[in-house]
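See structure below.
Numbering of ligands and ligand atoms starts at 1, following listing order. One is the number of the first residue; the rest follow in order along the sequence.
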Amino acid sequence: MSAAKKLRLAVAQLGPVQRADTRAQVVRRLVDLLHEAHGRGARWVTFPELALTTFFPRWSLEDPAEVRSFFETEMPGPATRPLFDAARAKGIGFYLGYAELDGETQYNTSILVGPDGRIIGKYRKIHIPGDASSREGAALQHLEKKYFAVGDLGFPVWDTPDAAIGMCICNDRRWPETFRVMGLQGVDVVMVGYNTPSGYVQWNEPIHLRMHHHLLSLQSAAYQNACWIAAAAKAGVEEGSPMIGGSCIVAPAGEIMVRAFSEDDEVINYMCDLSVSGHYRANIFNFAAHRRPEHYRPIVERTGAGAPLGAAPP
Ligand code: ING
């Protein structure tokens with residue numbers, strides 16, 4: 001068995017952020033959670049998607065000024081600098097999800113910030129779920145396509161002194177391609193924030209399946225790509241709209257090693273042995289030995305499902 005390579009990760013779940021909550025109020029909570037994570041001995045902490053604001057894509061907002069009020073034009077900015085300062089003071093790295101305005105383009109973004117408080121990398125959400133305009137008669141909307149452009153940075157992995165770290169955001173976790181692209185870069189740890197409504201349904205899906213699919217996606221991805229996954233929810237009832245918790249840290253074996261209990265601000269942490277990935281990469285998921293890309297062409301060539309490839313019956 002290769003020598004253990006221990007790295008303590010933390011996940012900082014956020015409870016609800018209401019529409020009137022200021023950046024300062026939210027950053028105060030983030031700093032408190034970061035201190036809690038540091039107190040547990042964590043080296044990295046994952047915060048949720050869109051951590052600085054309420055999940056505004058639940059509404060069809062028509063006032064451009066109000067829409068822009070949810071976006072950051074600089075990172076760190078005056079309101080978020082206290083989080084960077086706290087992280088540098090404690091020597092702890094973090095993942096932060098937020099709404100990014102880049103010129104005139106709006107992205108659903110996450111950044112990876114090192115223990116020295118410097119931004120290592122940026123990711124922009126690629127799988128944008130929901131609709132571009134309101135659904136008639138829907139009790140709740142999910143309008144991320146209205147507010148966010150498709151990310152233009154791919155799924156990069158960054159080699160840090162601690163581990164090879166990748167990022168994705170919420171709906172990305174439901175698409176195996178997300179993690180396989182990072183798996184093909186040798187990712188050790190994927191950090192993912194999410195805001196998953198438990199009231200929003202495009203059909204009358206039994207609501208317990210929302211948590212089931214969340215965990216199923218993460219456990220499959222961790223196992224099939226021999227990586228650790230740290231997943232942070234923004235949870236609880238925001239403006240009357242419920243969102244699931246279920247923040248967790250998943251091992252390369254696909255097991256959930258620790259999971260949040262509440263739907264509020266809560267820190268979980270786990271001492272991850274990164275060397276565990278090596279066993280899966282050397283055997284069952286030895287990509288170089290077992291993958292056959294020459295047979296995977298439809299995955300890249302097709303966007304939607306197309307005609308079956310089977311030959312016509314004789
Ligand atoms: N949220 C949801 C998610 O992928 C969603 C979108 C809602 C998917 C309901 C399935 C069912 O977890 C975000 N922000 O992507």
Side-chain angles (χ1 to χ4, degrees), residues 11 13-17 19 46-61 67 70-72 95-100 106-111 123-135 137-151 153 155 167-179 190-222 229-248 250 256 259-260 263:
V11 166
Q13 175 175 286
L14 267 180
V17 175
R19 194 171 192 158
T46 301
F47 292 114
E49 170 193 30
L50 296 175
L52 301 173
T53 66
T54 194
F55 185 72
F56 61 89
R58 64 170 66 91
W59 302 305
S60 182
L61 304 171
V67 172
F70 291 107
F71 286 79
E72 310 301 317
Y95 162 117
L96 179 72
Y98 64 96
E100 176 196 11
Q106 298 173 171
Y107 295 106
N108 188 339
T109 295
S110 66
I111 49 171
Y123 169 73
R124 289 166 169 165
K125 188 174 184 179
I126 286 171
H127 298 97
I128 308 291
D131 305 304
S133 57
S134 297
R135 279 176 182 243
L140 276 173
Q141 304 293 334
H142 198 104
L143 295 169
E144 291 193 58
K145 284 183 165 49
K146 174 185 173 74
Y147 297 110
F148 301 124
V150 173
L153 302 175
F155 299 107
M167 298 188 276
C168 64
I169 300 174
C170 204
N171 197 258
D172 288 321
R173 75 193 187 287
R174 301 177 191 274
W175 301 93
E177 296 88 343
T178 300
F179 292 93
V190 176
M191 299 180 184
V192 49
Y194 60 96
N195 288 215
T196 299
S198 52
Y200 167 84
V201 285
Q202 289 170 323
W203 58 286
N204 57 346
E205 178 183 56
I207 212 60
H208 73 278
L209 291 175
R210 196 58 46 83
M211 183 62 77
H212 173 64
H213 294 153
H214 156 65
L215 297 174
L216 178 69
S217 299
L218 296 178
Q219 290 181 263
S220 305
I229 298 177
K234 175 138 62 67
V237 180
E238 290 190 340
E239 305 295 333
S241 172
M243 297 194 294
I244 67 168
S247 300
C248 58
V250 184
I256 300 166
R259 183 176 164 180
E263 292 185 342

Distance filter under 4.0 Å to T196 heavy atoms, resulting ligand 1 atoms
3 (C), 12 (O)

Which of the listed options, I244, N108, L209, N195, holds the heavy atom that is closest to atom 1 (N) of ligand 1?
N195

Under 6.0 Å between ring centres: does that hold for Y123 and Y95?
no

To which of E144, H142, H214 does the heavy atom nearest atom 14 (N) of ligand 1 belong?
E144

Strictly under 4.0 Å, does any heavy atom of H127 approach an atom of ligand 1?
no

Who are the salt bridge (charged side-chain N to carboxylate O under 4.0 Å, His left out) partners of E100, not counting sequence neighbours?
K122, R124

Is there a donor in the side chain of Q141 and an acceptor in the side chain of D131, or the other way round, less than 3.5 Å apart?
no

How does M243 reach ligand 1, if at all, at less than 4.0 Å between non-hydrogen atoms: by side chain, backbone, both, or neither?
neither

Sequence neighbours excluded, every pair satisfying salt bridge (charged side-chain N to carboxylate O under 4.0 Å, His left out) that has a member inside residues 232-243
R58-E238, K234-E238

Below the 3.5 angstrom mark, is there an N/O of R174, backbone or side chain, next to an N/O of ligand 1?
yes

Measuring only between side-chain heavy atoms, which start at C-beta, is F148 closer than 4.5 Å to K125?
no

Given that the side chain starts at C-beta and the backbone is N, CA, C, O, which of these parts of E205 lies under 4.0 Å from ligand 1, counting heavy atoms, or is it both or neither?
neither

Per side chain to side chain donor-acceptor pair (under 3.5 Å), T196 is matched among R210, R173, H213 by R173

Hey, is E49 one of the residues with a heavy atom under 4.0 angstrom from ligand 1?
yes

